**Student:** 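First, the structure itself, so that you have it in front of you.
Values below: every heavy atom of this structure, side chains too, minus hydrogens, waters and symmetry copies. If you're wondering where the values come from, they're calculated on a predicted model, not measured in any experiment. Here is the naming used below: chain letters follow the sequence lines, and residue numbers restart at 1 for every chain.
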Amino acid sequence: MKGTIFEKSRPGRSGFTLPAFDCEYERIPEQLLRGGPPLLPEVAEVDLVRHYTALSRESFGVDCGFYPLGSCTMKYNPKIGEDAAALSGFTDIHPLQPEDSAQGCLEALGTLGGYLCEITGMDAISLQPAAGAHGEFTGLSMIKAYLGATGHEEKKKVLVPDSAHGTNPASAVMAGFTVVSIPSAADGTVDLDALRGALGEDTAALMLTNPNTLGLFEKNIAAVAGMVHEVGGLLYYDGANLNAVMGITRPGDMGFDVMHLNLHKTFATPHGGGGPGSGPVACKSFLAPYLPGPVVDRTTQGFCLRQPKHSVGRVKAFNGNFLVCVRALAYLMTLGAAGVREAAENAVLNANYLLAKLRGTYDAPYGGRCMHEFVLSLEQLKKSTGIGATDIAKGLIDLGMHPPTVHFPLIVREAMMIEPTETESRETLDAAAEAMLRLYETARTDPGALRAAPSGSPVGRPDEAAAARNPVLRG
Amino acid sequence: MKGTIFEKSRPGRSGFTLPAFDCEYERIPEQLLRGGPPLLPEVAEVDLVRHYTALSRESFGVDCGFYPLGSCTMKYNPKIGEDAAALSGFTDIHPLQPEDSAQGCLEALGTLGGYLCEITGMDAISLQPAAGAHGEFTGLSMIKAYLGATGHEEKKKVLVPDSAHGTNPASAVMAGFTVVSIPSAADGTVDLDALRGALGEDTAALMLTNPNTLGLFEKNIAAVAGMVHEVGGLLYYDGANLNAVMGITRPGDMGFDVMHLNLHKTFATPHGGGGPGSGPVACKSFLAPYLPGPVVDRTTQGFCLRQPKHSVGRVKAFNGNFLVCVRALAYLMTLGAAGVREAAENAVLNANYLLAKLRGTYDAPYGGRCMHEFVLSLEQLKKSTGIGATDIAKGLIDLGMHPPTVHFPLIVREAMMIEPTETESRETLDAAAEAMLRLYETARTDPGALRAAPSGSPVGRPDEAAAARNPVLRG
Amino acid sequence: MSYIPSTPEERLEMLGATGAQSMEDLFSAVPDHLRFKGLLDLPPAASEFEVISALKEMAGRNKVYQTWFRGAGSYRHYIPSVVRHLASRAEFVTAYTPYQAEISQGILQSIFEYQTLICELTGMDVSNAGVYDGAHAAAEACAMFADKNRPKVLAASTVKPMTAEVLRTYCRVAGRELEFFGAEDGKASSALLEQMLDTSVCCVYAEQPNFYGLVEDYGELTRAAHAAGAKMVIGSYPIALAVLKTPAEYGADAAVGEAQPLGMPPAFGGPYLGYMAVKAADARKLPGRIAGATVDAAGRTAYVLTLQAREQHIRREKASSNICSNQALCALTATVYCAAAGPGGLKEIAMRCVSLARYAARRISAVSGFSMMFEGFFFNEFVTRCPVDPAKLETKLAENDMLCGLPVQTEKGAGILWCLTERNTKDEIDRLVRLLGEVSA
Amino acid sequence: MSYIPSTPEERLEMLGATGAQSMEDLFSAVPDHLRFKGLLDLPPAASEFEVISALKEMAGRNKVYQTWFRGAGSYRHYIPSVVRHLASRAEFVTAYTPYQAEISQGILQSIFEYQTLICELTGMDVSNAGVYDGAHAAAEACAMFADKNRPKVLAASTVKPMTAEVLRTYCRVAGRELEFFGAEDGKASSALLEQMLDTSVCCVYAEQPNFYGLVEDYGELTRAAHAAGAKMVIGSYPIALAVLKTPAEYGADAAVGEAQPLGMPPAFGGPYLGYMAVKAADARKLPGRIAGATVDAAGRTAYVLTLQAREQHIRREKASSNICSNQALCALTATVYCAAAGPGGLKEIAMRCVSLARYAARRISAVSGFSMMFEGFFFNEFVTRCPVDPAKLETKLAENDMLCGLPVQTEKGAGILWCLTERNTKDEIDRLVRLLGEVSA
Ligand SMILES: Cc1ncc(COP(=O)(O)O)c(C=O)c1O
Ligand SMILES: Cc1ncc(COP(=O)(O)O)c(C=O)c1O
């Protein structure tokens, strides 16, 4: 795209009209007026349409092809969700409408909340958080409030495996905790000894995602939970990987006390180029009084909003990313009980299938079996050819797919983290495997070609260092 | 795109579900059953979405950029029209609903019809025809019925200028007339002498578009009309070029008796990759009884449908391309009286502006002034460089715009017919001029490059001869 | 506002560049006495908000019935969400006929896929890219087979009135004869057809199912037509073709029909889509656009509009078709719909139509006065008698949010043409039957 | 159904390729005692038609008021059609955070444009890509300026209750103090602020306009804050910024706010969008994503996510932000909305808000018992007293398809917070006033 919408601005252009104004224009006191008008784009409707249509055509979504971005669960986003979220009976409702005039919205939230509690094995839920990280902050706030209320101010440490997503430690610090990093064992799961060593009186919580970011199920989870509970700590479940296990095992049953879900991952709501998502927080009943309010209750008179007794307070104005919740509800209604489990099974099947095709060539440091995703290490390849995870990723762009997550988790060198999700067909997986294997070959025979990749995209690799050194952050 | 949707089919795949069926399945008698199932694509929803999203990304619409396809009036299609046409109060109405339950639809048609009569200076209208060519057939049918009813069976000839669109003669033949081609004068307008020579007792009608396909206003139209009427012939107006003159002069006032409009050209309804359009037929009151039925009437009880007395009969089931009419209505409501004229003025301005930029380089055989479009001849260029209209068109594809119409009208050698429409900005016109001038230069300096164009599109020039010689018409 | 980007200042500058003195000047070719003086009598410009509000109000003056029992050429089927989402992609919507193949491969491929779909459904060899609607398709098919020596078209008296009317218009205007051959017990009679066949007949047209919903004996009709050297044209409900014998299997020379049921809403009658398919030998007779596959210089598969010798822009008055704009986006819609439903889905829809119609027929005809008008296998429509004024019945059902079957005249007298699709439920039928009981009591 | 392409047979084959014996086998790492036995207590799968029908019914159980007089943090403005059409392009909707720049230039450029827009509106130098909502933006801004030495946040008692609550949550959890300074006649008092300012205060937060719709003296507040070495954060209604003095002009260090009015429907509270912008010097303190312009090897302009050192995935527990997914599509929506409205349109909307609110205030306050609670310039909201039970008033207006202003508590007692936008008309206000007259009579 040549030029921003601001550069396309021409004085006096407009495509905007309003009805004739039948009231008198009033004046704003001089001293309250801004000096000059904001320099917003002045464009005709056709220019606006072409500009953003062109930008869309320089973007890649799940609808464009395979998007195996590990940890992000880029599954297909059903179109029916968009239709549901566009209903004027949902979009044209004020968040502070009298409850009796918003029963449909409350029912949607209440119903979704109930389904999510069942799936997670939790007792109560708030749909307020807007994303996973927001949910983490919220859950940790609840833990903090609970520990405070039960006289455990000394509990200030949150343990986080070194394989965890960066949001976990960052959220813990935001919630006023000290973070203790727990090294992973050689097999990629929590090192029980290290955990034991870190646990103590000061332990507030352990944050864990299960399966973890290596795509491995923490099979000692019961023991882990016991150890943490033993010292009076709580267990936080990062629900980003719930897609692997829904219908198969439940965080609540594994011993977790509080968790978030990512509706934009597990529950098929679209990612929107980075949001809006939704990160509901679910918990066991002893933490329910601490949930951020309002939560939805069902009474004989209908649905209503309620402030939990010891609520940590709102973490967001109003009732959460409501339209995202509507999409997730549509998804769960479509799948039903059996579909939820089927999704998890096939997510795991797809990942294992792809892993089986790649592990003969690429180094799969944690073995040949995985849950819904797996991590390869390109360290050896990098050493022998100079071609690392980033280069292979860029090569994949030229082959028409979105690259996997790279350089995460941090504990794997030259990591490439692949999550196909259940909504991919075998042909797509076969084609991806073929592309990956072909690039491996290219790395050995013609590494220069890969270092120059991508060549078919609107731009080549941007100079990121220059961007950070000399930031140009507005047009 | 690799492969058709049929090639992507895999046995057993599906993304389709229906509610549980609570009735008993019945059997169809064996002898009525087809031998085997139709081999329709079996695909999951995600595959379907990706396939057609990809096809869309290999298509070019007005929303993608400049589309100066002469004679086609590729103006911007307001999004509000799409919203209006999607209202369930319009989409979910049966065409044979009791009239009292479809007053909104009838009002839409009645209102639109009234506006179009005012714009054209005609007295009555039918919105039934689906496109311009359909309107031509309809209008000619009315002429035929009228001539028959008034005892003029001898009138069997329809005169058509040699610059006319191919649909004119083809429609005339379909309506059972004999076509007489009228050569154009050197200035590109109807040759009055030739016309005089062709007129006679047997003249049923003259078909004319004004401005004509060279973008020239037939300034002798009053004389022409007089001559045709003199011999008892009728005047048919091909409304494809109405965008040049709406609000400025009216076919009805020019002396035309019957005409079609192309709502998908003049009235901004989208072209849909070739349709659906809408080609209403409007006429003077003496022809109104011959209009295809039903037409919309307004009574004190509301709107109703009526069969004109001597109707030529239906030319299409039901009430025309209704949702296209809704879009055109939205457009006219938005523009209002002044906007209609403003559109025409700026369509003509834009064409003249672009012509002014090109005529120093390209050969504009009909001078430096035009109405809403103009025609260049690349005959000289072709002779001197081997590069003709097609080559320049293909070169423009690589420069990011849709090519103009080429090789039409037939009376201009190596014709390139350019219609910018009023919805293009000066920058767009400047950029197009620059592209055209650059290619002219390329034609002289590097004709080989142009013969190889386009190079940036998914495919190069297809072998059309092979396609016709050995037709492969299904997957 | 008229969606014009240029500002008044820009217009002046551009005007300068053209050498014209004024806007008026640009129109100097228009004689003054032909100039429209003043403003057209149209309402003033309105803002987008006013326009959409007014149109919403207008739409609100229509009644959207919850339950439908009316078909007669326009059918309410469920349209999967994905169909609208894909068919509304701006590139599809705002493009025109793909004259420039390289920049239009997506649209051309979609036409090619549509043609494949129609061939699969009908069993025929070659489909065009679609015509205006089903009735128009029937008219074009008959025109396709007519010639000087065989100027007459015979159509079953059981075809839809709308098709009959359009056939009549097209034949009358072109100077072709059109006659209708009679029916027995609601079905076209091959015996009556045979009596009317002679060497002046170019083709015979019948519908599958016919207007009364009945499936006729197209084999017999076709044999009779062919025996007289005439061609056979069958107009089929495309969803019925998921299960019923195809026009090709009956030996038809052309298969046509209304594709509206394949993903297009009833929408007060349009836009719909006429499909047309023929045997390979007749490919060059087909009117309308046709897409074909070929290769580019690099050997890549490429699609183009082909066999253009038939078309108006090539042979003008010698063309076999005047079609320019057709219903392309509807063809895309039908293709996406069928791919979304798949063969299993389409068959399921068809079987539900058949089964619900049968259940409804049994139940309705058991109500006193509503006996079946005809015997024989019907697809998803059937006619019953009606013991009361149909207008009263319509009103009664409308009060219950039901769109009554269509009051029709048959050769056996007046009746109601009922229609069932997969959108109907057993419960709706039961409720209908209760209301009929009340009415007839 | 779960949108899974593979058929049962394919699944078996794929299973074979993995070397697993069964699906169960794939989950062998999950200890048996943790396995969920049986089916979850969720309803059975439903077809698309059933789902959308059920959700339509659910939506139908909400009341969509024709006329709104309620704002209080969520506003109904007209959303041009083009905004929805563009923001719903599938490539935007189904992409994720643009980690891979080359394949995401469109989204990155749209973020860059959004940042430009926010800088233009607020007058600040650097904007991030947006946060969860306006209240969250306020909380993040205060966190941004807090440190060990200055752990205290002061907020005006006149900020929206929702913002106050979220601030409270964030401060409490992080162990920051939060205190509210009082108001006089509905406006934050810089005198009262000064009394509370000391070296422990990191920043001061106020809203423009405040909860009661009043425009405060942000210049005075800012001077007071700065004098004490504290930063000033102003949360503004973005449409008001089309005309009102910007946070930058008042000297603020951070500008935040709720961008919902810029093209997002009220939607029962979300998704909305928090905007955040700061001075250049504080760029590296901003939380959230930031897009920047750079070049590729060929010198072409290219956009990337930048200044990532702030972010959680780089510095983990040392990050100044935990934000990962944000509200990207909302940021795109706001950008398209503002480009559609243009500076003229946005100003016109703002002036209509102001003018209608003034007219409404005059008319309403003339009704007995509905006198104005406060004096001073207000933007599009104002508080009046209410002589009757607000619940009764709400009901009365609801019967007339009007959403009443929000009943609120102020330091001067209970009242109604009325809101006007360009969607309201003089006529609506006149009708409202008649109803108020009836109520108060
Ligand atoms: C494992 C894990 N945890 C947490 C998050 C944060 O979720 P969100 O982006 O919704 O804030 C992510 C997101 O990528 C994740 O992958
Ligand atoms: C001058 C002219 N006449 C008639 C037509 C036929 O109109 P339609 O394509 O709507 O059938 C066209 C279409 O391109 C045209 O340009």
**Student:** Which atoms of C/V30 come close to chain B, meaning under 4.5 Å heavy atom to heavy atom: side chain ones, backbone ones, both, or neither?
**Tutor:**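 Both backbone and side chain.
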
**Student:** Give the minimum heavy-atom separation between B/P462 and C/T294, together with the two atoms involved.
**Tutor:**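 Scanning both residues completely, I find the closest heavy atoms to be CB-CG2, 3.7 Å.
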
**Student:** Using non-hydrogen atoms only, which part of B/E136 is less than 4.5 Å away from chain C: side chain, backbone, both, or neither?
**Tutor:** neither

**Student:** Would you mind checking which part of C/T163 comes under 4.5 Å of any heavy atom in chain B, side chain (CB onward), backbone (N, CA, C, O), both or neither?
**Tutor:** neither

**Student:** Heavy-atom distances under 4.5 Å only: say whether C/A339 touches chain B with side chain, backbone, both or neither.
**Tutor:** both

**Student:** Using non-hydrogen atoms and a 4.5 Å limit, figure out which bit of C/I103 sits close to chain B: side chain, backbone, both or neither.
**Tutor:**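 Interface part for C/I103: both.
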
**Student:** Return the minimal non-hydrogen interatomic distance between B/F217 and C/A29, and the atom names on each side.
**Tutor:** CD2-O, 3.4 Å

**Student:** Non-hydrogen atoms of chain B under 4.5 Å away: do they reach the side chain of C/P44, the backbone, both or neither?
**Tutor:** backbone

**Student:** Using non-hydrogen atoms only, which part of C/F92 is less than 4.5 Å away from chain B: side chain, backbone, both, or neither?
**Tutor:** both

**Student:** Shortest non-hydrogen contact from C/V304 to B/A467?
**Tutor:**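 The answer is CG2-CB, 3.5 Å.
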
**Student:** Output the distance between atom CG (B/L55) and atom OG1 (C/T335), rounded to the nearest 0.5 Å.
**Tutor:**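 The CG atom of B/L55 sits 10.0 Å away from the OG1 atom of C/T335.
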
**Student:** Give a yes-or-no answer on whether the side chains of B/Y25 and C/E348 include a donor-acceptor pair shorter than 3.5 Å.
**Tutor:** yes

**Student:** Between C/K56 and chain B, which part of the residue has a heavy atom less than 4.5 Å away: side chain, backbone, both or neither?
**Tutor:**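 For C/K56, the contact with chain B is made by backbone and side chain together.
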
**Student:** For B/N321 and C/Q327, does a side-chain donor sit closer than 3.5 Å to a side-chain acceptor?
**Tutor:** yes

**Student:** Hey, are C/E120 and B/R474 close enough for a salt bridge, meaning a charged N less than 4.0 Å from a carboxylate O?
**Tutor:** yes

**Student:** Can you see whether C/S2 engages B/E342 through a side-chain donor-acceptor pair at a distance of less than 3.5 angstrom?
**Tutor:**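 Note: C/S2 and B/E342 side chains meet the donor-acceptor criterion.
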
**Student:** In terms of heavy-atom proximity below 4.5 Å to chain B, should C/T301 be classed as side chain, backbone, both, or neither?
**Tutor:** backbone

**Student:** Please round to the nearest 0.5 Å and tell me the distance separating atom CG of C/L406 and atom CG of B/L96.
**Tutor:**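 If we round to the nearest 0.5 Å, C/L406:CG and B/L96:CG are 5.5 Å apart.
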
**Student:** Are the side chain of B/S425 and the backbone N or O of C/S6 linked by a donor-acceptor pair below 3.5 Å?
**Tutor:**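 Such a contact is absent between B/S425 side chain and C/S6 backbone.
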
**Student:** Answer with side chain, backbone, both or neither: which region of C/R35 has an atom nearer than 4.5 Å to a non-hydrogen atom of chain B?
**Tutor:**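 Backbone plus side chain of C/R35, per the 4.5 Å heavy-atom cut-off to chain B.
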
**Student:** Please classify the contact between C/E249 and chain B as side chain, backbone, both or neither, with a heavy-atom cut-off of under 4.5 Å.
**Tutor:** side chain

**Student:** State, to 0.1 Å, how close B/P458 and C/R300 come at their nearest heavy-atom pair, and which atoms those are.
**Tutor:** O-NH1, 3.4 Å

**Student:** Chain C heavy atoms under 4.5 Å from B/I119: which part of the residue, side chain, backbone, both or neither?
**Tutor:**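 Contact with chain C is through both the backbone and side chain of B/I119.
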
**Student:** Between C/T94 and B/D63, is there a donor-acceptor pair closer than 3.5 Å when you use the side chain of the first and the backbone of the second?
**Tutor:**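 It does hold such a pair.
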
**Student:** Measuring centre to centre across the rings, with the benzene-like ring taken for any Trp, is B/H134 within less than 6.0 Å of C/H136?
**Tutor:** yes

**Student:** What part of B/R461 gets closer than 4.5 Å to chain C, counting heavy atoms only: side chain, backbone, both or neither?
**Tutor:**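 Both backbone and side chain.
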
**Student:** Contact part of C/V82 toward chain B, heavy-atom cut-off under 4.5 Å: side chain, backbone, both or neither?
**Tutor:**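 Contact with chain B: side chain only.
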
**Student:** Quick check on B/K144 against chain C: is it the side chain, the backbone, both or neither that has a heavy atom closer than 4.5 Å?
**Tutor:** side chain

**Student:** Checking heavy atoms, do the side chain of B/E24, its backbone, both or neither come under 4.5 Å from chain C?
**Tutor:** backbone

**Student:** May I ask you to say whether B/E345 pairs ionically with C/R11, meaning some side-chain N is under 4.0 Å from a carboxylate O?
**Tutor:**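 Salt bridge between B/E345 and C/R11, a charged N being under 4.0 Å from a carboxylate O: no.
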
**Student:** Counting only heavy atoms closer than 4.5 Å, note whether C/F377 contacts chain B via side chain, backbone, both or neither.
**Tutor:**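 Only the side chain of C/F377 comes within 4.5 Å of chain B.
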
**Student:** Hey, is B/D22 close enough to C/K426 for a salt bridge, meaning N to O under 4.0 Å?
**Tutor:**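 Salt bridge: no.
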
**Student:** Can C/E113 and B/Y52 be counted as having a side-chain donor-acceptor contact under 3.5 angstrom?
**Tutor:** yes

**Student:** Looking only at side chains, do B/H264 and C/S325 share a donor and an acceptor under 3.5 Å apart?
**Tutor:**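 Yes, a side-chain donor-acceptor pair sits under 3.5 Å.
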
**Student:** State, to 0.1 Å, how close C/W68 and B/I93 come at their nearest heavy-atom pair, and which atoms those are.
**Tutor:** CH2-C, 3.8 Å

**Student:** Under 4.5 Å, counting heavy-atom pairs only, tell me which of C/A135, C/S127, C/C119, C/A143 racks up the most with chain B.
**Tutor:**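 Highest number of heavy-atom pairs under 4.5 Å: C/C119.
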
**Student:** So, B/S56 versus C/R89: side-chain donor-acceptor pair below 3.5 Å or not?
**Tutor:** yes

**Student:** Is the backbone N or O of C/T18 less than 3.5 Å from a side-chain atom of B/N352, with the two atoms forming a donor-acceptor pair by type?
**Tutor:** no

**Student:** Using only heavy-atom distances, determine whether the side chains of C/N322 and B/T167 contain a donor-acceptor pair under 3.5 Å.
**Tutor:** no

**Student:** With no hydrogens and no angle check, do the side chains of B/K394 and C/Q100 hold a donor and an acceptor under 3.5 Å apart?
**Tutor:** yes

